Amino acid sequence: MSDTQILVLTVTFLLATVVVLPLTYLAYRKEKRRHEITLQRERAHRAREARLRRQEEEIQKRQKEDQVRNRKVAEYDARRPHFKELRDRLYVSPTCTKCASHLVHIVSLSAETGVLTCRCNKCGTVRRVYANSKDAFLREGGELAAILRIYHALEQHYPDYPGLAVYFPEPTAGT
């Protein structure tokens, strides 16, 4: 091979190298970027699916909570007239000493004595309401305790339910 042929081959090889190597490098970078975009899309798709799944689970959880709450409300509302009768027969209570409100939330019941611990619906003052007669309470205390269990279960599921605020008859002059 002559020197000219070697020189032509060398120049051709160098030109090919100058053209092919950058094209190869650009193709590699393009493929790498395409791969990154594919991974980003897959991650975004998985994140979107996970978010949708969480939203569906949250909706189902809320629906179950609503069903439980509605069942508790229906159970309490069915017993509310009887609860009012029991309150009217067994208890009398003056209005709140601070705000003169009639409405209270029942906090607890002493099963032995029939004393109700109540919290004023308006100002939050805690007071006790005593049974008119211990004998009358002992006769009907089981029913009252059962209703109060429903009352407190409803209060846990739906603390702002307006039917939880109750009142007691006011004492008359002879009582």
Side-chain angles (χ1 to χ4, degrees), residues 36-175:
E36 288 174 0
I37 290 173
T38 304
L39 287 176
Q40 286 176 349
R41 286 180 182 161
E42 287 176 6
R43 276 189 238 122
H45 179 69
R46 277 183 270 161
R48 198 171 28 254
E49 285 179 347
R51 188 173 53 250
L52 288 173
R53 198 170 31 255
R54 280 193 307 270
Q55 287 175 346
E56 288 174 7
E57 288 171 357
E58 192 174 304
I59 288 170
Q60 288 175 353
K61 180 181 175 185
R62 261 192 253 123
Q63 286 174 342
K64 285 181 183 179
E65 289 173 354
D66 287 347
Q67 288 174 352
V68 168
R69 184 177 69 197
N70 291 341
R71 192 171 61 244
K72 298 287 183 190
V73 166
E75 189 176 3
Y76 177 69
D77 283 346
R79 299 233 179 146
R80 198 155 61 172
H82 185 59
F83 184 35
K84 183 182 179 331
E85 291 173 14
L86 287 173
R87 288 191 327 260
D88 289 348
R89 274 198 310 264
L90 297 176
Y91 295 96
V92 293
S93 175
T95 59
C96 179
T97 55
K98 285 189 177 180
C99 66
S101 174
H102 293 279
L103 297 174
V104 296
H105 282 266
I106 299 172
V107 177
S108 65
L109 166 70
S110 172
E112 298 84 30
T113 60
V115 176
L116 291 171
T117 305
C118 300
R119 181 178 30 82
C120 179
N121 190 48
K122 190 173 182 182
C123 68
T125 303
V126 176
R127 67 178 182 201
R128 291 183 172 194
V129 178
Y130 296 92
N132 293 335
S133 159
K134 188 173 182 178
D135 293 333
F137 171 76
L138 291 176
R139 278 192 308 273
E140 301 185 79
E143 292 176 53
L144 183 63
I147 293 172
L148 285 177
R149 277 193 293 278
I150 296 167
Y151 176 92
H152 290 300
L154 174 60
E155 188 175 37
Q156 286 178 346
H157 289 284
Y158 193 6
D160 297 331
Y161 183 62
L164 293 175
V166 297
Y167 65 91
F168 295 95
E170 288 193 45
T172 57
T175 316

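All values reported here derive from a predicted model rather than from experimental measurement. One-based numbering along the sequence shown.
A salt bridge does not link Arg139 to Asp135: none of the charged nitrogens lies less than 4.0 Å from a carboxylate oxygen.
Remark: Thr117 OG1 to His105 NE2 distance equals 15.0 Å, nearest 0.5 Å. Atom CD of residue Glu170 and atom OG1 of residue Thr95 lie 5.5 Å apart, to the nearest 0.5 angstrom. Rounding to the nearest 0.5 angstrom, the gap separating the CD atom in Glu57 from the CD atom in Gln55 is 11.0 Å. For the atom pair NE2 of His102 and NZ of Lys122, the computed distance is 10.5 Å after rounding to the nearest 0.5 Å. Rounding to the nearest 0.5 Å gives a distance of 8.0 Å between OG1 of Thr113 and CZ of Arg128. To the nearest 0.5 Å, atom CD1 of residue Ile147 and atom CG of residue Leu154 are 13.0 Å apart.
Residue Arg119 comes nearest to Gly124 through the heavy atom pair CG-O, 3.5 Å, listed as atom of the first residue, atom of the second, then distance. Taking all atoms of both residues into account, the shortest heavy-atom contact from Cys123 to Lys98 is SG-CB, 4.0 Å. The two residues Cys118 and Phe168 make their nearest non-hydrogen contact at SG-CE1, 3.9 Å. When all heavy atoms of Val129 and Val92 are compared, the pair lying nearest together is CG1-O, 3.8 Å. Here the closest non-hydrogen pair linking Tyr91 and Tyr130 is CD2-O, 3.3 Å.
Tyr151 places a side-chain N or O within 3.5 Å of a backbone atom of Leu164 that can act as its donor or acceptor partner. For the pair Arg127 (side chain) and Cys120 (backbone), a donor-acceptor distance under 3.5 Å is absent.
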Take Val68 and Lys64 through the side-chain contact (heavy atoms from CB on, under 4.5 Å) test and state the conclusion after the steps. CA-CA 6 Å; Val68 168; Lys64 285 181 183 179; 5.6 Å; no

Stepwise side-chain contact (heavy atoms from CB on, under 4.5 Å) check, Leu148 with Leu116: CA-CA 10 Å; Leu148 285 177; Leu116 291 171; 3.8 Å; yes

Assess the residue pair Tyr167 and Lys84 against the criterion (side-chain contact (heavy atoms from CB on, under 4.5 Å)); give the C-alpha distance rounded to whole Å, side-chain angles, the decisive distance to 0.1 Å, and a yes or no. CA-CA 9 Å; Tyr167 65 91; Lys84 183 182 179 331; 3.3 Å; yes

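Phe83 pairs with exactly one of Ile150, Ile106, Asp88 by the side chain to side chain contact (heavy atoms under 4.5 Å, CB included) rule, that one being Ile106. Evaluated for a side-chain hydrogen bond (donor to acceptor under 3.5 Å, both in side chains) with Glu58, the options Arg62, Arg54, Lys61 yield exactly one hit, Arg62.
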Listing, residues 69-78 side-chain donor-acceptor contacts under 3.5 Å, not counting sequence neighbours, or none:
{"unit_1": "Arg69", "atom_1": "NH2", "unit_2": "Asp66", "atom_2": "OD1", "d": "3.4"}
{"unit_1": "Asn70", "atom_1": "ND2", "unit_2": "Asp66", "atom_2": "O", "d": "3.2"}
{"unit_1": "Tyr76", "atom_1": "OH", "unit_2": "Gly163", "atom_2": "O", "d": "3.2"}
{"unit_1": "Asp77", "atom_1": "OD1", "unit_2": "Tyr161", "atom_2": "OH", "d": "2.7"}
{"unit_1": "Asp77", "atom_1": "OD2", "unit_2": "Tyr161", "atom_2": "OH", "d": "2.8"}

Going by atom type alone, with no hydrogens or angles, which donor-acceptor pairs under 3.5 Å involve a side-chain atom of residues 39-49 and a protein atom two or more places apart or on another chain?
{"unit_1": "His45", "atom_1": "NE2", "unit_2": "Glu49", "atom_2": "OE2", "d": "2.7"}
{"unit_1": "Arg46", "atom_1": "NE", "unit_2": "Glu42", "atom_2": "O", "d": "3.4"}

